[in-house]
Amino acid sequence: MIGSMKMYNTSSTDFVFMGLFSKQETSGLLFAIISVIFFTALVTNGIMIFLINTDLWLHTPMYFLLSHLSFIDMMYISTIVPKMLVDYLLGKRTISFVGCTAQHFLYLTLVGAEFFLLGLMAYDRYVAICNPLRYPVLMSHRVCWLIIAGSWFGGSLDGFLLIPITMSFPFCSSREINHFFCEAPAVLKLACADTALYETVMYACCVLMLLIPFSVVIASYARILTTVHHMSSVEGRKKALTTCSSHLTVVTLFYGAAMYTYMVPHYYHSPAQDKVFSVFYTILTPMLSPLIYSLRNKDVAGALRRTLGTFKGSQQVSERGF
């Protein structure tokens, strides 16, 4: 059975995306909007990484984790959007079997890593607010690297477990994926074999990957809200709520769309709804995440002002030199 499935896929033709640009009257506008979102996501996340690595005021565990979140956002939006935009310009809609497998693996790994990282970032906020005196010990440099390594390990494990099975099924003659990238639920609809058992296993796996980090988020913020409520300092309470609200906003946007895609039974889905929710957490969230953190965070805004001030100062010095 496995041998025949492998033989089938070796000689298979390319997959064809139905995509987001199926309606000619709106395709040009949609292309322009997604292009702007993509480049905004790259620039804003790049700026966040640069500021966090160059500004000494941002050399803290929270911003260290945030820089890795920005890196993941840049990576996973780049696994989907560039091909989609280039295909539109070239008038193509196809992807090879190998290309689909690679895209699916990178997407699952990166999104899985972000699931875990967002959950563990809630733990960082819990320690900072509820146990501030022990914060340097509980969130040491070693612990931060363990959080990063654990997030990547969890995401990679998801990719290595699910992708070989997903892509080993024999696919029917119709190879049109009613989506804009190779996402498991859309790809499995093309399988000629019975995928019910595997879909149940995949559903359980995705539920665990979502619920475990989300449970950490809920537990952490329940303790945080209790602690903030008992704070005597109004300024301290305001600062705690500001830093936490940024993280909580990103978590709600990302987990909310992902939970719909992977936890709501597939018979409640339509292809159009799947595309909308996938756009939300694969394209919009990578752009919104750094904007939310920078707009609602005085530390990041201050770092940006200092960097721009240094840049202007160096320009003035160089002009005087000439």
Side-chain angles (χ1 to χ4, degrees), residues 9 12 14-22 30 34 37-38 41 72-73 75-85 87-88 93-115 154-169 171-172 174-191 193 195-196 198-210 253-286:
N9 287 328
S12 64
D14 295 347
F15 293 103
V16 179
F17 291 129
M18 300 298 286
L20 293 174
F21 307 122
S22 54
L30 199 56
I34 293 175
I37 291 172
F38 173 64
I72 292 173
D73 281 341
M75 289 288 289
Y76 88 71
I77 195 174
S78 298
T79 65
I80 298 168
V81 175
K83 175 170 175 52
M84 184 168 59
L85 298 178
D87 283 355
Y88 175 79
R93 292 191 302 160
T94 59
I95 187 170
S96 67
F97 178 82
V98 173
C100 186
T101 303
Q103 186 186 63
H104 194 185
F105 172 76
L106 289 171
Y107 160 76
L108 268 185
T109 299
L110 292 163
V111 170
E114 182 148 343
F115 286 156
S156 301
L157 185 65
D158 190 40
F160 280 116
L161 286 176
L162 296 180
I163 296 304
I165 304 173
T166 303
M167 303 309 291
S168 67
F169 284 107
F171 297 105
C172 301
S174 174
R175 305 180 70 82
E176 290 189 343
I177 300 175
N178 198 353
H179 217 307
F180 57 91
F181 72 103
C182 290
E183 192 171 25
V187 172
L188 285 174
K189 288 178 181 178
L190 305 181
T195 62
Y198 172 62
E199 287 186 55
T200 303
V201 173
M202 186 177 69
Y203 175 79
C205 181
C206 292
V207 166
L208 286 174
M209 282 195 66
L210 281 164
L253 291 171
F254 190 72
Y255 279 83
M259 282 180 173
Y260 169 83
T261 302
Y262 291 103
M263 291 180 65
V264 175
H266 64 85
Y267 43 82
Y268 289 113
H269 292 216
S270 71
Q273 289 173 334
D274 287 341
K275 289 178 188 178
V276 169
F277 278 91
S278 293
V279 163
F280 208 85
Y281 75 90
T282 60
I283 299 176
L284 285 178
T285 304

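All of these numbers come straight from a predicted model, not from anything done at the bench. What's counted below: heavy atoms across the whole structure, side chains too, no hydrogens, waters or symmetry copies.
Every residue two or more places apart in sequence or in another chain was checked for a side chain to side chain donor-acceptor pair (under 3.5 Å) with T79, and none qualifies. Among residues two or more places apart in sequence or in another chain, the side-chain contact (heavy atoms from CB on, under 4.5 Å) test is passed with T101 by F97, I163, M167. Legend: residues meeting ring-ring contact (aromatic ring centres under 6.0 Å, His included) with F280, ordered by chain and number and at least two apart, are absent. Residues satisfying the side chain to side chain donor-acceptor pair (under 3.5 Å) criterion with Y198, sequence neighbours excluded, are T166. For the side-chain contact (heavy atoms from CB on, under 4.5 Å) test, no residue two or more places apart in sequence or in another chain qualifies with V201. A search for ring-ring contact (aromatic ring centres under 6.0 Å, His included) contacts involving F115 returns F254, Y255, not counting sequence neighbours. The salt bridge (charged side-chain N to carboxylate O under 4.0 Å, His left out) check on D274 picks up nothing, with sequence neighbours excluded. By the salt bridge (charged side-chain N to carboxylate O under 4.0 Å, His left out) test, K189 is found to be paired with no residue, residues two or more places apart in sequence or in another chain being considered. Under the side-chain contact (heavy atoms from CB on, under 4.5 Å) criterion, M84 pairs with L20, F21, I34, V81, F180, I283, not counting sequence neighbours. In this view, A41 and N45, I77, P286, M287 satisfy the side-chain contact (heavy atoms from CB on, under 4.5 Å) rule, not counting sequence neighbours. Residues forming a side chain to side chain donor-acceptor pair (under 3.5 Å) with H179 (at least two apart in sequence, or on another chain): E183, S278.
The cationic group of R93 does not satisfy the cation-pi geometry with F17, failing either the under 6.0 Å distance to the six-membered ring centre or the 45° limit from the ring axis.
One distance of note links CZ of F160 with CD1 of I165; it measures 13.5 Å at 0.5 Å rounding.
A heavy-atom distance below 4.5 Å is not found between the side chains of V16 and R175.
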Could you walk me through whether L30 and Y88 pass the side chain to side chain contact (heavy atoms under 4.5 Å, CB included) check?
CA-CA 11 Å; L30 199 56; Y88 175 79; over 6 Å; no

